[in-house]
Amino acid sequence: MNALATDTPAPLVVAASLVAVEGIVLALLGILELFSLSSDRVVMGVTTTLFFIAYGAFLVVCGWSVNRRRSWARSPIVLTQLIMLGLAWNYRDVPVLAAGLAIVALVVVVGMLHPDSIEALSDES
């Protein structure tokens, strides 16, 4: 589908943008993890770094793809937001972090499930 970015509904653009930011932040956290390696946890640190960078890059690609109205990226985005809501619950003892994670995840889910977004990503449009 060759839809112009101007045809993409605003809720979908907001969701895609937030997902791209999440991906960038996750990749940066992966890089920071690399700098905190210690000799007693090299394998765990390297695998965590690689996972964070790879998943961050994947989220950026998903955000870009959804903005281009490619429906395949919808599922990984929604799954990631559900995981973020679980993380927010786990961090409920740190209210600012929990609220930030939950608000971003909810905004993305609402944007992805908005009727205009669903229509834009449907295979029939």
Side-chain angles (χ1 to χ4, degrees):
M1 171 182 299
N2 266 338
L4 298 173
T6 56
D7 295 341
T8 305
L12 192 57
V13 172
V14 170
S17 300
L18 285 174
V19 168
V21 170
E22 287 173 352
I24 292 167
V25 168
L26 191 57
L28 289 174
L29 287 173
I31 293 168
L32 288 175
E33 174 67 23
L34 188 61
F35 289 110
S36 70
L37 283 178
S38 63
S39 61
D40 60 332
R41 57 177 216 94
V42 172
V43 173
M44 179 63 107
V46 170
T47 55
T48 300
T49 295
L50 292 175
F51 176 78
F52 278 18
I53 291 172
Y55 200 74
F58 179 66
L59 284 178
V60 170
V61 169
C62 285
W64 180 81
S65 296
V66 160
N67 197 41
R68 298 286 183 254
R69 300 173 77 172
R70 295 192 174 102
S71 63
W72 68 265
R74 177 180 21 210
S75 294
I77 288 174
V78 172
L79 175 63
T80 299
Q81 304 321 304
L82 295 176
I83 292 169
M84 278 186 56
L85 287 171
L87 284 173
W89 178 254
N90 284 337
Y91 284 111
R92 65 188 177 273
D93 294 336
V94 186
V96 173
L97 179 60
L101 288 170
I103 290 169
V104 170
L106 289 172
V107 168
V108 172
V109 168
V110 167
M112 294 298 295
L113 298 179
H114 190 277
D116 291 342
S117 298
I118 291 172
E119 183 179 335
L121 293 174
S122 74
D123 294 331
E124 298 171 5
S125 58

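Note that the coordinates shown come from a computational prediction; the quantities given were computed from them, not determined experimentally.
- Taking all atoms of both residues into account, the shortest heavy-atom contact from Leu37 to Val46 is CD2-N, 3.8 Å.
- Geometrically, Arg92 engages Trp89 in a cation-pi contact, judged by NZ or CZ lying under 6.0 Å from the ring centre and within 45° of the ring axis.
- By the criterion of side-chain heavy atoms lying less than 4.5 angstrom apart, applied directly or through intervening Ile, Leu, Val, Met, Phe, Trp or Tyr residues, Leu34 is not grouped with Ile24; the two fall into different hydrophobic clusters.
- Of the inter-residue distances, the one linking Ile103 atom CD1 with Leu85 atom CG reads 11.0 Å to the nearest 0.5 angstrom.
- Here the closest heavy-atom approach between residue Ala120 and residue Leu12 is recorded as CB-CD2, 4.2 Å.
- Taking CG of Leu121 as the reference point, atom CZ of Arg68 lies at 13.0 Å (rounded to 0.5 Å).
- Both Val19 and Leu29 are assigned to one and the same hydrophobic cluster, defined by single-linkage of ILVMFWY side chains at heavy-atom distances under 4.5 Å.
- Looking at every heavy atom in both residues, Met84 comes nearest to Leu101 through CE-O, 3.5 Å.
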- Task: Please lay out, stage by stage, how Val13 and Asn67 fare under the test side chain to side chain contact (heavy atoms under 4.5 Å, CB included).
- Result: CA-CA 6 Å; Val13 172; Asn67 197 41; 3.5 Å; yes
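- Of all heavy-atom pairs spanning Ala15 and Met112, the tightest one is CB-SD, 3.9 Å.
- In this structure, Tyr55 places its OH atom where more than 12 heavy-atom neighbours from other residues, nucleotides or ligands lie under 6.0 Å away.
- In this structure, Pro76 and Phe58 approach most closely via the heavy-atom pair CB-CE2, 3.6 Å.
- Met44 and Phe35 fall into different hydrophobic clusters, defined by Ile, Leu, Val, Met, Phe, Trp and Tyr side-chain heavy atoms under 4.5 Å apart, directly or through other members.
- Although no hydrogens or angles enter the test, the distance criterion places no donor-acceptor pair under 3.5 Å between the side chain of Ser117 and the main chain of Pro11.
- Listed for the Ser36 side chain is a donor-acceptor partner under 3.5 Å among the backbone atoms of Glu33.
- Val66 and Arg74 make their closest contact through CG2-N, 4.2 Å (heavy atoms, listed as atom of the first residue, atom of the second, distance).
- Once rounded to the nearest 0.5 Å, the distance linking CD1 of Ile77 with CG of Leu18 reads 10.5 Å.
- Counting heavy atoms from C-beta outward, Ile31 and Ile53 have side chains that approach closer than 4.5 Å.
- Annotation: the span from His114 atom NE2 to Ile118 atom CD1 amounts to 9.5 Å, rounded to 0.5 Å.
- Following chains of ILVMFWY side-chain contacts shorter than 4.5 Å, one cannot reach Val109 starting from Leu59, and the two form parts of different hydrophobic clusters.
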- Please walk me through it: do Val60 and Glu22 pass side chain to side chain contact (heavy atoms under 4.5 Å, CB included)? CA-CA 8 Å; Val60 170; Glu22 287 173 352; over 6 Å; no
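- Val108 is connected to Val21 through a chain of hydrophobic side-chain contacts under 4.5 Å among Ile, Leu, Val, Met, Phe, Trp and Tyr, so both are in one cluster.
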